[in-house]
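Contents: one structure, followed by commentary.
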Amino acid sequence: MEEIKLHPSKKVYFASDFHLGVPTHEKSLEREKQIVNWLNEAKTDAQAIFLLGDVFDFWFEYKDVVPKGYVRFLGTLAQICDSGIPVYFFTGNHDMWVFDYLEKEIGVKMLREPTPFLIGGKRFLIGHGDGLGPGDFGYKTIKKVFALRLNQILFSFLHPRMGVGIANYFSRTSRAANGGGDEVFISADHEWLVAYAREILKKEHYDFFIFGHRHLPLDIQIQDNVQYINTGDWIKYNTYAVFDGEKLNLIYNSSPVPRHS
């Protein structure tokens, strides 16, 4: 388990689901500038920054070609990494085909599965959140297909103009492009990531579970002294989580998001 020692006055930041690239170039660029402003503010007291997946609405790395754009965002990430602040980048279901370019060129630390961390003496389980918990067998099967190296190689045979064009077409018809219809909170018992966390707790203890993917900012007390946070998104909510060594807060427009139950 990797340990992050939290120095006095330092914080750890968590955000996800930027979905850069949709629904239009203009809207994406506007969102990118907001994210860059947030990163520049966060880096002033950040011990570490976690990006929990679906940072891009689509990303595929050919051997010598990567998607164009996002220069402000990528440049800011590079500056943060160069300054010595670690940035952990989890792949999501939309950007699972990020390979080693960002790690080599930008300096982020790539992660592909839920990963435990010890931060300021507290145990965290952190990930994107897709394919976890009960149900959704159709998606879980598709994810396995997309994760096969053979299928990634076959896709790479497509000319970038065709491959990226096909992928962007499907991305623009996704929940992220259309606003989503299932971003409704019913109760903690209906949240599959809460169910996943409860199963994990039967085997080992964590103080905090942090995921994205849900596109709905959630702060749920699972058990005494066990907290689940979903970081929401930057399409609708502009939410993020911050840990100061004692409390983990979900923040929206500089104000804490109310806790769900």
Side-chain angles (χ1 to χ4, degrees), residues 1-18 38-39 42-56 59 73-74 76-93 95-133 143 147 193-194 196-214 219 222-223 225-231 240-251:
M1 181 183 297
E2 182 171 349
E3 181 178 5
I4 298 175
K5 294 182 179 179
L6 199 56
H7 298 293
S9 76
K10 293 291 186 179
K11 300 174 182 177
V12 178
Y13 291 85
F14 308 84
S16 71
D17 295 274
F18 300 158
W38 171 72
L39 286 169
K43 72 181 183 183
T44 60
D45 63 358
Q47 188 76 58
I49 296 173
F50 286 80
L51 304 180
L52 307 186
D54 285 359
V55 169
F56 307 102
W59 183 282
F73 172 70
L74 294 176
T76 302
L77 280 189
Q79 289 177 344
I80 291 172
C81 292
D82 289 348
S83 74
I85 299 171
V87 176
Y88 298 86
F89 190 115
F90 284 80
T91 55
N93 49 302
D95 48 19
M96 65 186 300
W97 285 350
V98 171
F99 300 130
D100 63 358
Y101 172 77
L102 298 181
E103 198 161 32
K104 289 181 177 179
E105 189 69 22
I106 305 298
V108 301
K109 300 182 179 183
M110 297 298 306
L111 297 165
R112 301 184 182 278
E113 299 292 339
T115 305
F117 282 84
L118 187 66
I119 305 176
K122 300 292 186 179
R123 291 171 58 89
F124 286 71
L125 188 62
I126 305 168
H128 179 59
D130 61 313
L132 303 179
K143 182 179 179 180
L193 286 170
V194 171
Y196 170 78
R198 286 172 173 165
E199 286 299 313
I200 294 294
L201 288 170
K202 293 178 182 179
K203 305 172 186 176
E204 55 185 325
H205 175 75
Y206 287 96
D207 300 290
F208 302 103
F209 294 83
I210 307 182
F211 296 105
H213 184 61
R214 183 72 170 85
D219 181 353
I222 298 178
Q223 298 178 2
N225 300 318
V226 179
Q227 187 177 358
Y228 159 73
I229 288 282
N230 194 286
T231 48
Y240 63 94
V242 58
F243 179 63
D244 63 5
E246 295 183 5
K247 294 182 179 180
L248 177 65
N249 289 316
L250 185 59
I251 306 297

[X]: side-chain contact (heavy atoms from CB on, under 4.5 Å) partners, not counting sequence neighbours:
{"X": "Q223", "answer": "L201, V226"}
{"X": "A15", "answer": "F18, W38, W234, Y240"}
{"X": "A46", "answer": "Y13, I49, I85"}
{"X": "D82", "answer": "none"}

CG on L51 to CE on M110, rounded to 0.5 Å: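 It comes to 10.0 Å.
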
Separation of D130 CG from R214 CZ (nearest 0.5 Å):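 Going from the CZ atom of R214 to the CG atom of D130 covers 14.0 Å.
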
Proximity of F208 and F124 rings by center, below 6.0 Å: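 Between F124 and F208, which both carry aromatic rings, the centre distance is below 6.0 Å.
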
Within the 4.5 Å heavy-atom criterion, are [X] and [Y] side-chain neighbours or not?
{"X": "F89", "Y": "V55", "value": "yes"}
{"X": "L102", "Y": "L74", "value": "yes"}
{"X": "H128", "Y": "D17", "value": "yes"}
{"X": "F117", "Y": "L111", "value": "yes"}

Salt bridge (charged side-chain N to carboxylate O under 4.0 Å, His left out) contacts touching residues 100-111 (sequence neighbours left out):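 For residues 100-111, and leaving out neighbouring residues, the salt bridge (charged side-chain N to carboxylate O under 4.0 Å, His left out) pairs sorted by first residue read E2-K109, D100-K104.
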
Contact list for residues 43-54, test salt bridge (charged side-chain N to carboxylate O under 4.0 Å, His left out), sequence neighbours left out: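 Applying salt bridge (charged side-chain N to carboxylate O under 4.0 Å, His left out) to every pair that reaches into residues 43-54, excluding sequence neighbours, yields K11-D45.
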
Parallel, tilted or perpendicular: ring planes of F50 versus Y88, cut at 30 and 60 degrees: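 Rings of F50 and Y88: parallel, under 30°.
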
State which residues pass salt bridge (charged side-chain N to carboxylate O under 4.0 Å, His left out) with [X]; sequence neighbours excluded, sorted by chain then number.
{"X": "E204", "value": "R123"}
{"X": "K122", "value": "none"}
{"X": "D244", "value": "none"}
{"X": "K202", "value": "E199"}

Exam field: side chain Q227 to backbone L248, donor-acceptor pair closer than 3.5 Å: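 A pair under 3.5 Å: yes.
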
How close do [X] and [Y] get, counting heavy atoms only, and between which atoms?
{"X": "L125", "Y": "P114", "value": "CD1-C, 4.2 Å"}
{"X": "S16", "Y": "L52", "value": "CB-CB, 3.6 Å"}
{"X": "L6", "Y": "G120", "value": "CB-CA, 4.1 Å"}
{"X": "I106", "Y": "A78", "value": "CG2-N, 3.6 Å"}

side-chain hydrogen bond (donor to acceptor under 3.5 Å, both in side chains) involving K203 - partner list, sequence neighbours excluded: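 So K203 forms no side-chain hydrogen bond (donor to acceptor under 3.5 Å, both in side chains) with any residue.
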
Non-neighbouring partners of Y206 that pass ring-ring contact (aromatic ring centres under 6.0 Å, His included), sequence neighbours left out: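 Once residues adjacent in sequence are excluded, the partners of Y206 under the ring-ring contact (aromatic ring centres under 6.0 Å, His included) criterion are F209.
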
